[in-house]
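Have a look at the structure below before the remarks.
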Amino acid sequence: DTEVTQTPKHLVMGMTNKKSLKCEQHMGHRAMYWYKQKAKKPPELMFVYSYEKLSINESVPSRFSPECPNSSLLNLHLHALQPEDSALYLCASSHLAGGYNEQFFGPGTRLTVL
Amino acid sequence: QKEVEQNSGPLSVPEGAIASLNCTYSDRGSQSFFWYRQYSGKSPELIMFIYSNGDKEDGRFTAQLNKASQYVSLLIRDSQPSDSATYLCAVNLKREYGNKLVFGAGTILRVKS
């Protein structure tokens, strides 16, 4: 299995809602990532988990809360988001969190905040 | 200076031609380089990676790396309309807290039949 899966595909939420994005990989990868991609822009790194521990937080607002329950799963908990947080949220994984490690992306969750 | 720079395009080539996509990066210590293809509304798909100076070929794709010039390129031979997409160059940059993959803005490629 060489696939990263993400659910849901689409999510519409209000600014007072709490929701979660889910990501799963079964490639035995030990590094997992969350990226945010706005329209016509490249992906921007948000968080990196290495061996289920948070290793990089790119100064992301606390309304985004990542969680890595085990080596195959990655969640992103959302609370009190703003309309400008509407974007494509991408999960990726790689063998290790190092320079010589190719990252593979999931299909993404398209989030709309009303 | 941006960390990873690409010409945004669009780059238009006729079907069957060679498409040449270029990327420069600022961190001389970078050691790993990636090309992703992204179709409209889809997620990035890894198509090539290169770590050493020189050329690396995979089917119709050739990645070229010149670390002295801090330059990475992607050649697509026998371009097909299905190659029309945004091509993202990504460079693994060292930070004090770990490595970070930084993307260029992407080059839009249009292959005309």
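Labels below follow one simple rule: chain letters A, B, ... track the order of the sequence lines, proteins then strands, and each chain is numbered from 1.
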Q: Could you tell me which portion of A:Tyr35 (side chain, backbone, both or neither) has an atom closer than 4.5 angstrom to a non-hydrogen atom of chain B?
A: side chain
**Q.** chain A contact via B:Asn92 - side chain, backbone, both or neither, heavy atoms under 4.5 Å
**A.** side chain
Q: Take atom CZ of A:Arg30 as the centre, draw a 6.0 Å sphere, and report whether it contains more than 12 heavy atoms from other residues, nucleotides or ligands.
A: yes
Q) Quick one: what part of B:Gln38 sits under 4.5 Å from any heavy atom of chain A, side chain, backbone, both or neither? A) side chain
Q.
How long is the straight-line distance from CG of A:Leu45 back to CG of B:Asn99, given to the nearest 0.5 Å?
A. 11.0 Å
Q. So, does B:Ser43 use its side chain to make a donor-acceptor pair with the main chain of A:Gly106 at under 3.5 Å?
A. yes
Q: Indicate yes or no: at least one non-hydrogen side-chain atom of A:Phe105 is less than 4.5 angstrom from one of B:Leu46.
A: no
(Q) Contact between B:Ser32 and A:Asn101 at the side-chain level, heavy atoms closer than 4.5 Å - yes or no? (A) no
Q) Do you reckon A:Tyr89 sits in the same ILVMFWY cluster as A:Leu74, going by side-chain contacts under 4.5 Å, direct or chained? A) yes
Q: Report, as yes or no, whether the 6.0 Å neighbourhood of atom NZ on B:Lys56 holds more than 12 heavy atoms from other residues, nucleotides or ligands.
A: yes
Q) Under 4.5 Å between side-chain heavy atoms, hopping through other hydrophobics if needed: is there a path connecting B:Val91 to B:Met48? A) yes
**Q.** Per-residue contact mode, A:Gln37 against chain B (heavy atom under 4.5 angstrom)
**A.** side chain
(Q) Can you confirm whether A:Lys38 is buried at NZ, in the sense that more than 12 heavy atoms of other residues, nucleotides or ligands lie under 6.0 Å from that atom? (A) yes
Q: Please confirm whether A:Tyr100 and B:Phe49 have ring centers closer than 6.0 angstrom.
A: no
Q. Is there side-chain contact between B:Tyr36 and A:Gln103, with heavy atoms separated by less than 4.5 Å?
A. yes
Q: Locate the shortest heavy-atom distance separating A:Pro43 from B:Leu88; write the atom from each residue and the value.
A: CD-CD1, 4.0 Å
Q: Verify the cluster assignment for A:Phe47 and B:Phe103: are they in a single hydrophobic cluster under the rule of side-chain heavy atoms below 4.5 Å apart?
A: no
**Q.** Pairing residues for A:Arg110 by the salt bridge (Lys or Arg N to Asp or Glu O under 4.0 Å) criterion, not counting sequence neighbours
**A.** none
(Q) Tell me whether B:Leu75 shares a hydrophobic cluster with B:Phe33, the cluster being built from Ile, Leu, Val, Met, Phe, Trp, Tyr side chains joined at under 4.5 Å. (A) no
Q | chain A contacts, top residue of B:Gly104, B:Ala90, B:Ser40 (heavy-atom pairs, under 4.5 Å) | A | B:Gly104
Q | Rounded distance (nearest 0.5 Å) linking atom CD of A:Glu44 with atom NZ of B:Lys100 | A | 8.0 Å
Q | ILVMFWY cluster, B:Phe61 and A:Phe104 together (side-chain gap under 4.5 Å) | A | no
